[in-house]
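What follows is a set of notes on a single structure, which appears directly below.
Residue numbers begin at 1 in each chain, while the letters A, B, ... track the order of the sequences.
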Amino acid sequence: MSVRVRFAPSPTGQLHVGNVRTALYNWLFARQHRGAFILRIEDTDPERSRREYEVQILDDLRWLGLDWDEGPDVGGDFGPYRQSERLALYRDYATRLLEAGWAYRCFCTEEELERERAQARAEDRPYRYSGRCRQLSEREVRERAKAGLPYTLRFRVRPGPIVWEDVVRGPIRWEAEVIGDFVILKSDGWPVYNFAVVVDDLLMRITHVIRGDGHLSNTPRQLLLYEALGATPPVFAHLSTILGADGTKLSKRHGATALREFREQGYLPEALFNFLALLGWAPPHEVGELLSREHLLELFALEKVSKAPAIFDLQKLKWMNRAYLKAKPLEDLVSAVAPYLQQAGRVPTPLDEATRAWLQRVVEAVLTHVEHLSQIVEETRIIFEYDLGTALTYPEVREVLEDAGALDVLRRMERELADVPVITTEAFREAAARVREQTGRKGRALFHPLRIALTGRPSGPELDKLVPIYEIGATLPLPRPIPSVRDRLRQFLEWAERVRAESPSR
RNA sequence: GCCGCUAUGGUGUAAGUGGUUAACACGCAGGCCUCUCAAGCCUGAGAGUGCGGGUUCAAGCCCCGCUAGCGGCACCA
């Protein structure tokens with residue numbers, strides 16, 4: 001029988017990275033076995049389910065690079081793929097269980113059940129439904145139903161052990177005694193989760209259920225249902241939870257948790273894919289950890305997935321994302337980064353060719369500092385902003401202002417560059433070499449004042465890269481024009497005079 | 001409270017059937033490079049495998065007990 005697996009998110013919010021990892025493992029497993037990957041929407045909670053979330057979830061999964069063979073948008077032979085559209089199916093199966101005696105009508109009211117629960121709590125005893133309606137005679141049932149009393153359908157739990165072999169956990173044993181007769185159909189006719197999944201997985205011919213370990217304790221109930229329906233249950237694989245840095249469940253407290261958020265911050269899908277795959281599983285040492293989709297497909301092994309919960313290490317994600325950024329063609333990076341810069345009002349919105357070409361230099365210059373794309377805005381301030389006012393906050397800038405030798409370097413540099421038609425990196429270097437001869441200053445003493453004057457900051461990309469960026473940038477139709485190298489030197493020197501005049505040597 | 005799951009450096013994971021100095025990657029520290037910060041390269045520190053017993057010539061791997069964390073115990077999913 002060919003492999004069929006499913007990912008079944010509920011459209012009640014954004015896709016959590018923990019669920020994404022589950023989807024990923026399902027996808028890898030399906031593709032490895034040339035099986036089918038199915039998407040099913042678990043929207044049996046009409047209160048919280050929203051169609052927008054469903055749309056967003058599908059979109060995010062697609063962005064990550066996952067594709068599915070059957071699902072609400074693409075259809076398939078075992079649909080519909082939204083639980084809310086399968087209600088008749090659940091009712092049908094529930095009726096079958098009722099008629100076969102596996103289930104019974106329960107007329108207990110909310111209040112009665114609450115009383116039972118309170119009682120159990122008071123006696124410090126685990127709560128389990130008493131089974132009061134289990135013994136109702138046929139006549140009683142008929143009378144109550146005729147009286148219009150609402151009822152649920154409860155499953156008659158049989159005694160004895162429930163065992164299964166979990167692909168990641170190994171053998172698991174559960175005593176049925178700890179499970180009370182549970183509801184399978186609510187009084188409003190909607191199925192309860194545990195029942196719906198079994199009916200769906202059964203009808204969709206799911207062979208392997210790969211899901212989060214939160215479902216571990218649902219498994220015994222589901223197994224009981226398969227038993228009652230006379231069906232062979234699928235193979236189960238329960239994945240451990242993903243935790244935050246402090247060892248508690250990964251939540252908004254830890255920062256971004258939704259795939260969408262990482263996407264918006266400019267993490268690359270291939271990096272997230274790689275990173276998530278490594279949360280709970282590791283490839284052999286020899287191949288390293290930077291692995292393409294194809295490579296992961298080749299190496300991944302569900303049986304080798306770790307039982308222990310994994311901690312989401314943002315630092316490692318950043319490292320990995322940078323590795324993928326570095327490997328990406330510059331033109332692609334420019335396209336990826338442009339929206340962030342446009343939104344910040346730094347480059348024009350239909351991007352002209354000249355600016356686009358220039359952006360390649362910009363991206364190349366700041367790339368080593370960028371961990372995720374949205375940082376481009378911050379990292380390019382040194383290019384788009386030349387603000388001598390804030391420059392004063394850096395002690396290094398003050399040092400230059402108070403160093404006559406440094407100011408002399410700048411003045412001479414200005415003179416050397418005065419007649420240069422185009423200040424290229426080479427022209428800049430040559431001019432600097434002449435200043436070195438004139439002043440005897442070299443290395444840091446020579447270049448650091450230049451850096452400060454040109455950028456207004458003590459650190460940043462290499463001047464060799466910055467110089468052409470400033471020169472070309474000054475000629476572009478940017479929303480906020482940037483000054484050329486010459487302009488910067490002039491402005492800085494004028495500003496230096498002014499500042500020195502205002503605050504005489506201290 | 002009851003039931004279940006888990007436990008190797010700061011983090012993710014390695015270490016076929018028990019066998020020498022517990023490995024790889026991220027991070028961290030230092031160095032090299034260099035006009036600066038990064039990047040890159042090199043070097044290094046960091047765990048004796050949750051705790052306590054046992055079996056054995058030998059235990060991260062086997063057995064027993066305990067602790068902690070997580071999950072579940074719904075007419076939520």
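Every side chain to side chain donor-acceptor pair (under 3.5 Å) that A:Thr109 has, sequence neighbours left out, goes to A:Glu111, A:Glu112. Under the rule for a salt bridge (Lys or Arg N to Asp or Glu O under 4.0 Å), the partners of A:Asp213 that lie at least two apart in sequence or sit in another chain are A:Arg169. Applying the salt bridge (Lys or Arg N to Asp or Glu O under 4.0 Å) rule to A:Arg50 yields the partners A:Glu52; only residues at least two apart in sequence or on another chain are considered. Take A:Glu396 and apply the side chain to side chain donor-acceptor pair (under 3.5 Å) test, not counting sequence neighbours, and it matches no residue.
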Below 3.5 Å is the cut-off: list the nitrogen or oxygen pairs between protein and nucleotides 46-51 of chain B, distance only.
none

Any protein N or O atoms within reach of nucleotides 3-7 of chain B? Criterion: under 3.5 Å, listing atom names and distances.
| from | atom 1 | to | atom 2 | distance (Å) |
| --- | --- | --- | --- | --- |
| B:C5 | O2' | A:Arg169 | NH1 | 2.1 |

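We find that A:Glu414 and A:Arg486 are not joined by a salt bridge, their nearest charged nitrogen and carboxylate oxygen being 4.0 Å or further apart.
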Please output the side-chain donor-acceptor pairs of residues 437-444 of chain A that fall under 3.5 Å, not counting sequence neighbours, one pair per line with the distance.
| from | atom 1 | to | atom 2 | distance (Å) |
| --- | --- | --- | --- | --- |
| A:Gln438 | OE1 | A:Arg412 | NH1 | 3.0 |
| A:Gln438 | NE2 | A:Glu416 | OE2 | 2.8 |
| A:Thr439 | OG1 | A:Val435 | O | 2.8 |
| A:Thr439 | OG1 | A:Arg441 | N | 3.1 |
| A:Arg441 | NE | A:Ala445 | O | 3.3 |
| A:Arg441 | NH2 | A:Asp403 | OD2 | 3.4 |
| A:Arg441 | NH2 | A:Ala445 | O | 3.0 |

Using a 3.5 Å cut-off and no angle test, enumerate the donor-acceptor pairs between side-chain atoms of residues 191-204 of chain A and protein atoms at least two apart in sequence or in another chain.
| from | atom 1 | to | atom 2 | distance (Å) |
| --- | --- | --- | --- | --- |
| A:Tyr193 | OH | A:His215 | ND1 | 3.2 |
| A:Asn194 | OD1 | A:Gln222 | NE2 | 2.8 |
| A:Asn194 | ND2 | A:Asn218 | OD1 | 3.4 |
| A:Asp200 | OD1 | A:Arg86 | NE | 2.6 |
| A:Asp200 | OD1 | A:Arg86 | NH2 | 3.2 |
| A:Asp200 | OD1 | A:Tyr90 | OH | 2.9 |
| A:Asp200 | OD2 | A:Gln83 | NE2 | 2.7 |
| A:Asp200 | OD2 | A:Tyr90 | OH | 2.8 |
| A:Asp201 | OD1 | A:Arg6 | NE | 3.0 |
| A:Asp201 | OD1 | A:Arg40 | NH1 | 2.8 |
| A:Asp201 | OD1 | A:Arg40 | NH2 | 3.1 |
| A:Asp201 | OD2 | A:Arg6 | NH2 | 2.8 |

Output side-chain donor-acceptor pairs under 3.5 Å for residues 7-16 of chain A, partner residues at least two apart or in another chain, one line each.
| from | atom 1 | to | atom 2 | distance (Å) |
| --- | --- | --- | --- | --- |
| A:Gln14 | NE2 | A:Gln56 | OE1 | 3.3 |
| A:His16 | ND1 | A:Gly18 | N | 2.9 |
| A:His16 | NE2 | A:Leu250 | O | 3.1 |

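Taking every side-chain heavy atom of A:Arg48 into account, B:A77 is the closest of B:G40, B:U36, B:A77.
For A:Thr368 and B:A38, a side-chain-to-base donor-acceptor distance below 3.5 Å is present, hydrogens and geometry of angles not being considered. The base of B:A77 sits with one of its N or O atoms less than 3.5 Å from a complementary donor or acceptor on the side chain of A:Asn218.
In the region residues 283-293 of chain A, proximity to RNA chain B at under 4.0 angstrom, judged on heavy atoms, holds for A:His285, A:Glu289.
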Dot-bracket for RNA chain B, please, read 5' to 3', with Watson-Crick or G-U wobble pairs under 3.5 Å on both distances, ( ) within the strand, [ ] crossing, | other strand, . unpaired. (((((((..((((.....[...)))).(((((.......))))).....(((((..]....))))))))))))....
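Contact annotation: A:Lys326 side-chain N/O to B:G40 OP1/OP2 distance is under 4.0 Å. One finds no side-chain N or O of A:Lys304 lying less than 4.0 angstrom from the OP1 or OP2 phosphate oxygen of B:G12.
Identified under the ring-ring contact (aromatic ring centres under 6.0 Å, His included) test for residues 107-131 of chain A, with sequence neighbours left out: A:Phe107-A:Tyr151.
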